[in-house]
Amino acid sequence: MKLNTALCGILEITYPIIQAGMAGGPTTPDLVAHVSNAGGLGTLGAAYLKPDDMRSAIRKIKDKTEHPFAVNIFCTEWDDRYDGVEDSQKVLNAIRKTLNIGHVTEPIKTADFFEEQFEIMLEENVPIISTAFGVLPKDKVSLLKKRKIKITAMVTTVREALIAEENGADIIIAQGSDAGGHRGTFQIEPESNGALIGTFSLVPQVVDSVSVPVVAAGGIMDSRGLVAALALGAQGVQMGTAFLTTVESGAHPAYKQALIHSNEESTVITKAFSGRPARGIKNEFIKAYDVSGISPADFPTQNTLTGDIRRKAAEQNNPEYLSLWAGQGTRLLRNSPSAADLIKELVTGAEQILSKND
C-alpha cells in the first residue's frame, strides 16, 4: 500500500489528501493555497459566493500557489420554496428577539449564481471542479472534458456513485454519515435526513461498484483514518473538520473554540439552519427548533432566512446561534496547527504505520 496513489496522478498532487470545500467562509484563499502548497488538494467552498467574490478568491489562490486546487459548487435547484416559511419565521423571530434583531416580515428571495459561477470557473481555468448535492448538466460536463478539467463528485450511496460515474466524474467522493456539514445526498425526501451510511461501510461498497478512483470522506481526522481508508480500497481521503481549526481557516473564533471543546457525542444531523440535513454541534438554535416541533423551510429558502441570525451571532461571538458544522471525530482535533503541519503529520504518521506493516 502506497501513499502515491492513482488519485495523486489524476489530480497532479503529491499526497492523496483533499481539503473539503466547506462553503460559508472557512475555506479562505490562504487555506486552499497552503494545502495545495503542502502537497494536498485545497478546495474553495464557493457555493454561496457572489460571482465577483468568487473570481477574486480564485485569483488570490492563484497568486499564492502554482499547484492544482479545486472549486466546490452545489448542483441543485436554487428556486425558493415558500411552504413552511411562515411557521419557521415564528421560531426565527423568537431567536431574533434574543439577539436583539428586528423581526423579518419581507418576502425571501434566494439568489442563484450557478450559471455565473460556472462561467467564472471556465474563464479562470480552474483545474478541478468539485460538486455536491448532485451532478453537473451533461452540456457542462462536455465543456469540462474538452478543456481537460477534472470533476470530483460527492456521493452518499452506491446508486449516487453510479450516477456520478455515468455522468463523467473523474473522482468519486464517498461521504459517510460521520461527516460534518451538509449531507451530499442528491435527493432529500421531506421526512429524510439523506443517506446515513457510515464512511467505512460505504467506501468499500462504492469501490467495488465503480471503475474510477474513490476518496473516503467523513470522520477521518488523522493518519490512522488515512491508512484505514486506503486499506478499504479508497485512493485517498477528503477532510473538512480537521482543517477548521487550522491557522489559515476562516472559521469564526467562537466556532473554533466550540470544536475544540466538543466530542463524538456533540453533533446531530439537522435541517434547522439551511433546510438540508447537515451534521453540526447541537446548540441553542437547533434546540429551539426541536422544542417548537416546527419544521424548517426547505433549502435554499431556510438558509436565506437564517442568514441575519448567523451574521449577528458572529458579531456577538455567540456560538449558540452559529452553524457549527462538524464531524464525529472532534476529540482528535488539534488547536491551531498550520495546514502544512497538519498534512505533514498525516503523511508522516501514515508512512510510519505502513512501514510497520511491510
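The figures that follow rest on heavy atoms only: side chains count, while hydrogens, waters and symmetry mates do not.
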Residues 230-243 side chain polar contacts: donor-acceptor under 3.5 Å, at least two apart:
from, atom 1, to, atom 2, distance (Å)
Q235, OE1, A6, N, 3.0
T241, OG1, G327, N, 2.9

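Shown here is E86, whose CD atom has no more than 12 heavy atoms of other residues, nucleotides or ligands within 6.0 Å. No more than 12 heavy-atom neighbours from other residues, nucleotides or ligands sit within 6.0 angstrom of CG on D83. The local environment of NZ in K62 is crowded, with over 12 non-hydrogen atoms from other residues, nucleotides or ligands closer than 6.0 Å. More than 12 heavy atoms of other residues, nucleotides or ligands sit less than 6.0 Å from atom CD of Q316. Annotation: K287, atom NZ; neighbour count of heavy atoms from other residues, nucleotides and ligands within 6.0 Å is above 12. For D139, the CG atom is densely surrounded, since the number of other residues' heavy atoms within 6.0 Å is greater than 12.
Q117 places a side-chain N or O within 3.5 Å of a backbone atom of A46 that can act as its donor or acceptor partner. Side-chain N or O atoms of S292 include one that pairs as donor or acceptor with a backbone N or O of I294 at under 3.5 Å. With D222 contributing its side chain and G225 its backbone, the two residues share a donor-acceptor pair below 3.5 Å. Looking only at distances, no side-chain donor or acceptor of Q257 sits under 3.5 Å from a matching main-chain atom of P253. Formation of a donor-acceptor pair under 3.5 Å by the D80 side chain with backbone atoms of T110 is found in this model. Side chain of Y289 to backbone of L92: no donor-acceptor contact under 3.5 angstrom is found. With hydrogens and angles ignored, the 3.5 Å screen pairs no side-chain donor or acceptor of S56 with any backbone N or O of D52. When atom types are taken as modelled, the side chain of T306 and the backbone of I309 share no donor-acceptor pair closer than 3.5 angstrom. In terms of modelled atom types and a separation under 3.5 Å, the side chain of D178 and the main chain of T199 share a donor-acceptor contact. Looking only at distances, a side-chain donor or acceptor of T27 sits under 3.5 Å from a matching main-chain atom of G45.
Aromatic ring pairs are classed by plane angle as parallel below 30°, tilted from 30° to 60° and perpendicular above 60°; the pair F114 and F118 is parallel.
In the hydrophobic cluster analysis, where Ile, Leu, Val, Met, Phe, Trp and Tyr join through side-chain heavy atoms closer than 4.5 angstrom, L143 is grouped together with I73. I120 and I61 fall within the same hydrophobic cluster, defined by Ile, Leu, Val, Met, Phe, Trp and Tyr side-chain heavy atoms under 4.5 Å apart, directly or through other members. I260 and L332 fall within the same hydrophobic cluster, where Ile, Leu, Val, Met, Phe, Trp and Tyr residues are linked whenever their side-chain heavy atoms come under 4.5 Å apart, directly or through other members.
Residues in residues 34-57 take part in these ring pair (Phe, Tyr, Trp, His ring centres under 6.0 Å) pairs, two or more places apart or across chains: Y48-F74.
A 4.5 Å side-chain heavy-atom check between V206 and T157 finds every atom pair outside the cut-off. Put simply, the side chain of L99 reaches to within 4.5 Å of the side chain of Y321, judged on heavy atoms. Under the 4.5 Å side-chain criterion, counting only non-hydrogen atoms from C-beta, T152 is not in contact with T131. You'll find the side chain of S142 reaches within 4.5 Å of the side chain of K146, heavy atoms only. Looking at R310 and S323, their side chains come closer than 4.5 Å, going by heavy atoms from C-beta outward. Under the 4.5 Å side-chain criterion, counting only non-hydrogen atoms from C-beta, K271 is not in contact with S295.
V212 meets the side chain to side chain contact (heavy atoms under 4.5 Å, CB included) test with E165, I172, V210; sequence neighbours excluded. Among residues two or more places apart in sequence or in another chain, the side chain to side chain contact (heavy atoms under 4.5 Å, CB included) test is passed with T267 by R279, I281, A326, Q328.
Ring pair Y255/W325: centre-to-centre distance not below 6.0 Å. Residues F299 and W78 bring their aromatic ring centres within 6.0 Å.
For the 3.5 Å distance criterion, the side chains of Q302 and S88 qualify, holding a donor opposite an acceptor. Using modelled atom types, one finds no donor on one side chain facing an acceptor on the other under 3.5 Å when comparing T43 with N72.
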Evaluate the salt bridge (charged side-chain N to carboxylate O under 4.0 Å, His left out) criterion for residues D308 and R311: first the C-alpha distance (whole Å), next the side-chain angles of each, then the deciding distance (0.1 Å), finally the verdict. CA-CA 5 Å; D308 63 327; R311 287 189 293 272; 5.4 Å; no
Step by step, work out the salt bridge (charged side-chain N to carboxylate O under 4.0 Å, His left out) result for K145 and D170. CA-CA 10 Å; K145 295 296 182 182; D170 299 289; 3.1 Å; yes
Test side chain to side chain contact (heavy atoms under 4.5 Å, CB included) on K90 and D87; report intermediate values, then the result. CA-CA 5 Å; K90 294 176 184 176; D87 285 340; 3.5 Å; yes
Hey, mind stepping through V126 and I149 against side chain to side chain contact (heavy atoms under 4.5 Å, CB included) and telling me if it holds? CA-CA 7 Å; V126 171; I149 296 172; 5.8 Å; no
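In terms of heavy-atom proximity, P277 sits nearest to I269 at CB-CG2, 3.8 Å. When all heavy atoms of P16 and C8 are compared, the pair lying nearest together is N-SG, 3.6 Å. Nearest approach of L322 to A313, heavy atoms of both residues: CD2-CB, 3.9 Å. Nearest approach of K109 to T304, heavy atoms of both residues: O-CG2, 4.2 Å. Taking every heavy atom of both residues into account, L196 and R183 meet most closely at CD2-NE, 3.8 Å. Taking all atoms of both residues into account, the shortest heavy-atom contact from E124 to I58 is CB-CG2, 3.8 Å.
Between atom OG1 of residue T246 and atom CG of residue L342 there is a gap of 7.5 Å, rounded to the nearest 0.5 Å. The OG1 atom of T156 sits 13.5 Å away from the NE2 atom of H182 when rounded to the nearest 0.5 Å.
Other cluster members for I188: none, since no ILVMFWY side-chain heavy atom sits under 4.5 Å from it. By the 4.5 Å side-chain criterion applied to Ile, Leu, Val, Met, Phe, Trp and Tyr, L11 is assigned to a cluster that also includes L7, I10, I13, I18, L41, I128, M154, I171, I173, V215.
Here the options are M121, K140, K150, the test is side-chain contact (heavy atoms from CB on, under 4.5 Å), and the partner is I129; only M121 passes.
For the pair K60 and D63, the salt-bridge criterion is not met [side-chain N within less than 4.0 Å of a carboxylate O]. K50 and E116 are not joined by a salt bridge, as no carboxylate oxygen comes within less than 4.0 angstrom of a charged side-chain nitrogen. Electrostatic pairing of E77 and R81 counts as a salt bridge here, judged by a charged N lying under 4.0 Å from a carboxylate O.
Judged by the 6.0 Å and 45° rule, R276 forms a cation-pi pair with F133.
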